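These numbers come from a predicted model, not from an experiment. Computed over heavy atoms, backbone and side chain alike; hydrogens, waters and symmetry mates excluded.
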Amino acid sequence: MTLGELQARLGVTIEPELLELALTHTSFSYENGNQPSNERLEFLGDSVLGFVVSAHITQTFTDLSEGELSRLKNAVVSAKALAPIAENLRLGDYLRLGVGEERTGGRTKPNLLADSFEAVLGAIYVSAGIDAATEFLRAQVFPLLADPTALLNASEPKTKLQELAAKLGLPNPEYTLTHDGPDHDRTFTASLLIKGRIFVGTARSKRDAETEAALAALSKLA
């Protein structure tokens, strides 16, 4: 795997040294003499992402209120939304990680992948300008907005389910949690009852189990 192959996948030309920097995690920097990491590019990319997405959704979704636009933007720029894009681009394969981060599966951690996406975006902006950064986001991120309702449901399903319950004149959803397995390897199951139907979600954490249950309910009731 070469940086040239990654550049072809990204569809934009970035200065090789800048792209390498965008892929240098702080763990690698710390273990190699505190050389520069991708933190500054990540900071810049986060700002570029917020600006471009905000401009796009304001121009596209003219019927949404300021609050609704804010929620939509937050859903688009969240780590949950960006991590799958970074994974599809195979950014994790190219990351420069420290030994400890490598051992703990850093190449597949959602937050780390989302951060690397923002750093690469920052590198695109520095290397090729705002137009290139916008075109990159148009190809990689804007497709998430094809179904804004589904995007919002996926990003904050428990909130959306609570809103739906209120709209239907139903009480707030209450989750019942159970778990299986030893303390170090538990699986949680969340159940909720709405309109006589039981919806279930299973995950490795309580929060994720409740999220899965809420998504199951939204898919049938929304």
Side-chain angles (χ1 to χ4, degrees), residues 1-53 73-130 132-137 139-141 144 154-155 181-188 203-209 211-212:
M1 298 181 294
T2 67
L3 291 184
E5 292 171 334
L6 176 58
Q7 292 223 35
R9 194 174 297 114
L10 295 173
V12 62
T13 300
I14 308 172
E15 297 170 18
E17 297 82 3
L18 201 58
L19 180 55
E20 184 175 86
L21 178 60
L23 299 167
T24 302
H25 188 252
T26 51
S27 61
F28 182 93
S29 172
Y30 177 77
E31 294 179 13
N32 290 272
N34 288 319
Q35 61 181 270
S37 73
N38 64 3
E39 284 187 317
R40 291 173 64 87
L41 285 174
E42 178 194 334
F43 171 80
L44 177 60
D46 177 70
S47 297
V48 173
L49 176 66
F51 167 70
V52 173
V53 169
K73 174 207 167 186
N74 290 339
V76 174
V77 304
S78 69
K80 185 173 184 178
L82 297 180
I85 299 174
E87 186 175 11
N88 186 58
L89 292 169
R90 296 177 60 189
L91 293 187
D93 294 347
Y94 297 86
L95 290 174
R96 304 170 79 200
L97 301 176
V99 175
E101 193 64 59
E102 187 79 68
R103 286 175 178 170
T104 57
R107 295 186 188 278
T108 60
K109 290 180 180 178
N111 284 342
L112 197 153
L113 286 173
D115 290 346
S116 69
F117 179 88
E118 291 180 338
V120 167
L121 177 61
I124 292 172
Y125 173 79
V126 172
S127 190
I130 189 62
T134 300
E135 286 307 307
F136 175 71
L137 292 175
Q140 300 296 333
V141 174
L144 295 174
S155 67
D183 290 347
H184 67 279
D185 189 26
R186 282 187 171 178
T187 298
F188 293 90
R204 302 303 294 271
S205 71
K206 296 177 181 179
R207 179 179 178 179
D208 288 347
T211 295
E212 291 301 316

Would you check if [X] and [Y] make a side-chain contact, meaning some heavy-atom pair closer than 4.5 Å?
X      : Y      : value
Leu6   : Val120 : no
Thr211 : Lys80  : yes
His25  : Leu95  : no
Leu49  : Leu82  : yes

Partners of [X] by salt bridge (Lys or Arg N to Asp or Glu O under 4.0 Å), sequence neighbours excluded?
X      : value
Arg207 : none
Arg186 : Asp183
Lys109 : Glu101

Looking only at heavy atoms, which two atoms of [X] and [Y] are closest? And how far apart?
X      : Y      : answer
Leu113 : Glu87  : CD1-CB, 4.4 Å
Ala132 : Ala128 : CB-CB, 3.5 Å
Lys73  : Val53  : CG-CG1, 4.2 Å
Ala79  : Pro84  : O-CD, 4.3 Å
Gly122 : Leu44  : O-CD2, 3.9 Å
Ala86  : Ser116 : CB-OG, 4.5 Å

Tell me every residue that passes side-chain contact (heavy atoms from CB on, under 4.5 Å) with [X], counting only those two or more places apart in sequence or in another chain.
X      : answer
Asn32  : Phe28, Gln35
Ser47  : none
Thr108 : none

With sequence neighbours excluded, residues passing side-chain hydrogen bond (donor to acceptor under 3.5 Å, both in side chains) with [X]:
X      : value
Thr24  : Arg96
Arg9   : Tyr94
Glu135 : Arg138
Ser205 : Asp208

| said: Tell me every residue that passes ring pair (Phe, Tyr, Trp, His ring centres under 6.0 Å) with Phe136, counting only those two or more places apart in sequence or in another chain. | reply: Phe117

| message | side-chain contact (heavy atoms from CB on, under 4.5 Å), that's the test. Do Val52 and Leu121 meet it? Break it down for me. | response | CA-CA 11 Å; Val52 173; Leu121 177 61; over 6 Å; no

Would you give me the side-chain donor-acceptor pairs under 3.5 Å for residues 11-23, sequence neighbours excluded?
none

| message | Closer than 3.5 angstrom, by distance alone: can the side chain of Ser27 be matched with the main-chain N or O of Gly98 as a donor-acceptor pair? | response | yes

| field | Backbone N/O of Ala209 and side chain of Glu212: donor-acceptor pair under 3.5 Å | value |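 Not at all, since once roles are kept as given, no pair shorter than 3.5 Å links the two residues.
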
| Between CG of Leu41 and CG of Asp115, what distance do you get to the nearest 0.5 Å? |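 Between atom CG of Leu41 and atom CG of Asp115 there are 12.5 Å.
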
| Glu102 atom CD, neighbour heavy-atom count above 12 within 6.0 Å | yes

